[in-house]
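One structure is given below, encoded as structure tokens.
In what follows, every chain begins at residue 1, and chains take the letters A, B, ... in the order their sequences are listed.
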2 protein chains.
Amino acid sequence: MKLLIIEDDRNLSATIRETAEELFTVEQAFDGEEGLFQAEQNIYDCILLDIMLPYMNGYEVLKRLRESKIQTPVIILTAKDGIDDKLHGFREGADDYIVKPFHREELIFRLKAVVRRSSGRSEDEVAVFHELTLDLKNRTARIGDTAVVLNGRQFDLMEYLLLNKNSIVTKEQIFDRIWGFDSETTVAIVEVYASKLRKSLKPFHYDRFIKTFRGLGYMLSDEEEQDG
Amino acid sequence: MKLLIIEDDRNLSATIRETAEELFTVEQAFDGEEGLFQAEQNIYDCILLDIMLPYMNGYEVLKRLRESKIQTPVIILTAKDGIDDKLHGFREGADDYIVKPFHREELIFRLKAVVRRSSGRSEDEVAVFHELTLDLKNRTARIGDTAVVLNGRQFDLMEYLLLNKNSIVTKEQIFDRIWGFDSETTVAIVEVYASKLRKSLKPFHYDRFIKTFRGLGYMLSDEEEQDG
DNA sequence: CCTGAACCATGAAACTTCTCATTATAGAAG
DNA sequence: CTTCTATAATGAGAAGTTTCATGGTTCAGG
């Protein structure tokens with residue numbers, strides 16, 4: 001993954017470079033003409049484009065890029081902050097903009113967003129337990145040939161139990177993962193969804209694989225319940 | 001924030017150290033006795049404790065710690081993986097456990113969870129816009145002296161607009177932040193909540209500060225709507 | 001074996017979120 | 001100024017989530 005930073009302030013450019021290197025191989029340009037040239041000569045996955053640039057301003061760079069049919073996602077960097085700027089940028093085909101000064105974390109968030117949106121997530125992973133298959137991409141479940149309706153939280157829970165099969169997971173662990181530790185809700189919700197999930201799996205007799213461990217939590221276990 | 005790693009495998013200990021240094025100042029011990037000694041002599045915010053240790057096993061360390069009334073959160077590291085182990089660990093007062101081998105990301109997640117849970121988040125930040133006050137901790141809103149009911153997503157949206165006041169935010173930006181870019185939903189939901197939010201603010205005439213920018217997004221603006 | 005306390009399961013109801021169809025509006029083009 | 005089109009606003013209903021109250025289960029201690 002390659003990123004081009006077009007920014008004349010060398011300090012800022014270096015800072016951005018450091019941050020972005022978590023996600024990209026980074027190249028830099030320090031004025032508009034150089035930036036346009038590089039963008040036309042290479043294939044980047046994303047371009048960070050300052051507006052106030054020597055020789056050719058950012059809007060012009062963006063306009064010419066689009067005229068050359070280069071559709072690389074462009075994130076505009078603007079100073080605080082006329083409305084007109086944004087209108088202008090989006091009209092020319094910018095994908096996002098960031099107002100300076102910005103937080104490192106914000107930049108990463110926006111970069112990730114642009115990348116994900118452009119790369120249409122392709123991992124179609126699947127998790128399997130006996131006859132039960134979870135399609136993690138479409139979030140659908142089937143047992144053998146029959147679709148099982150596991151919506152939202154039920155699917156999340158099933159996925160987490162399966163991920164940790166044959167290992168006890170506490171209600172706190174489940175809660176932290178699915179609801180997030182700063183949720184408004186309490187861990188009691190885990191019991192509710194354990195119940196719902198079992199109900200959904202019951203017609204297939206798969207509820208018997210979900211075992212309760214008093215005072216501990218739950219486990220999806222290969223060994224079936226011993227009766228009597 | 002200080003973390004103590006009690007782990008005899010020096011490679012693993014070093015790996016954990018690297019990961020944990022994002023969040024903590026790290027100290028290490030390489031056997032049970034040394035670990036117990038350090039834990040009794042210093043104040044840590046969290047302890048990572050292996051079970052299989054020379055001289056004194058992890059359970060014994062944990063038991064003695066608790067006997068000494070040291071309530072530092074302890075995360076147990078166990079190999080894959082007897083049930084008895086976990087029962088044992090939790091009975092002695094462990095706060096969490098991680099099964100080896102684990103992902104770096106999982107370790108960070110658990111560390112954060114333990115820390116947050118123990119440090120009872122204390123930031124009671126507040127965001128203000130004219131007479132409108134958002135209590136970010138309790139997620140409640142008031143205008144002047146009157147409580148305004150903004151539930152869930154409405155509050156999220158208000159918070160995000162306020163965070164970016166006098167700056168246009170696109171629907172994509174709002175969506176990415178509040179719903180997350182891999183959400184099942186579409187950005188159209190943003191319009192729905194903009195509408196709901198305005199409705200909630202209308203009795204206080206605060207809806208007039210939320211402006212729509214066609215083709216761009218929304219802005220919470222200090223300047224009131226110009227009429228006529 | 002019986003009892004009590006803690007813990008868990010579960011259904012029903014309240015609430016929130018999301019979808020979708022309809023209506024309204026801004027802005028461009030004639 | 002009027003019309004047309006794309007975009008946004010909104011209400012209603014469907015779907016999903018959470019709360020809560022009740023009843024069941026386990027396990028320790030008599």
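- The side chain of Val192(B) has dG11(D) as its nearest neighbour among dG11(D), dT18(D), dA9(C).
- Side chain of Tyr218(A), nearest nucleotide from dT10(D), dT18(D), dA9(C): dA9(C).
- Atom P of nucleotide dC18(C) and atom CG of Asp156(B) are separated by 10 Å, given to the nearest angstrom.
- When each of dT19(D), dG11(D), dA9(C) is scored by its nearest atom to the side-chain atoms of Ile189(A), the top-ranked nucleotide is dT19(D).
- If you measure from atom CZ of Arg198(A) to atom P of dG11(C), you get 12 Å, rounded to the nearest angstrom.
- Going from atom CD of Glu191(A) over to atom C1' of dT18(D) covers 13 Å, rounded to whole Å.
- Here Ser195(A) does not reach the OP1 or OP2 of dA9(C): none of its side-chain N or O atoms lies under 4.0 Å away.
- Proximity of the aromatic rings of Phe209(B) and Phe129(B) is defined here by a centroid distance below 6.0 angstrom, and this criterion is met.
- Distances from the side chain of Thr185(B) to the nucleotides dC18(C), dC8(C), dA9(D) place dC18(C) closest.
- At a cut-off of 3.5 angstrom, the base of dT16(C) holds no donor-acceptor pair with the side chain of Arg153(B).
- The aromatic rings of Tyr193(A) and Trp179(A) sit tilted relative to each other, their planes meeting at an angle between 30° and 60°.
- Counting to the nearest Å, the C1' atom of dT17(D) and the CG atom of Leu197(A) are 15 Å from each other.
- Residues Thr72(B) and Arg66(B) bring no donor and acceptor atom of their side chains to less than 3.5 Å of each other.
- Rounded to an integer number of Å, the gap from CG of Leu157(A) to C1' of dT18(D) is 15 Å.
- Between the side chains of Arg208(B) and Ser221(B), no donor-acceptor pair is found at a separation under 3.5 Å.
- Rounded to whole angstrom, the span from the CG atom of Asn151(A) across to the P atom of dT17(C) amounts to 17 Å.
- Within the structure, a side-chain polar atom (N or O) of Lys171(A) is placed less than 4.0 Å from OP1 or OP2 of dC8(C).
- Between the CD atom of Glu184(A) and the C1' atom of dT17(D) there is a distance of 14 Å, given to the nearest Å.
- Regarding Arg139(A), its CZ atom lies at a distance of 12 Å from the C1' atom of dG16(D), rounded to whole Å.
- Within 4.0 Å (heavy atoms only), Lys199(B) reaches sugar-phosphate atoms of the nucleic acid but no base atom.
- With ring centers used as reference points, His103(A) lies 6.0 Å or more from Phe109(A).
- In the set dT7(D), dT17(C), dA6(C), the nucleotide with an atom closest to the side chain of Arg214(B) is dT7(D).
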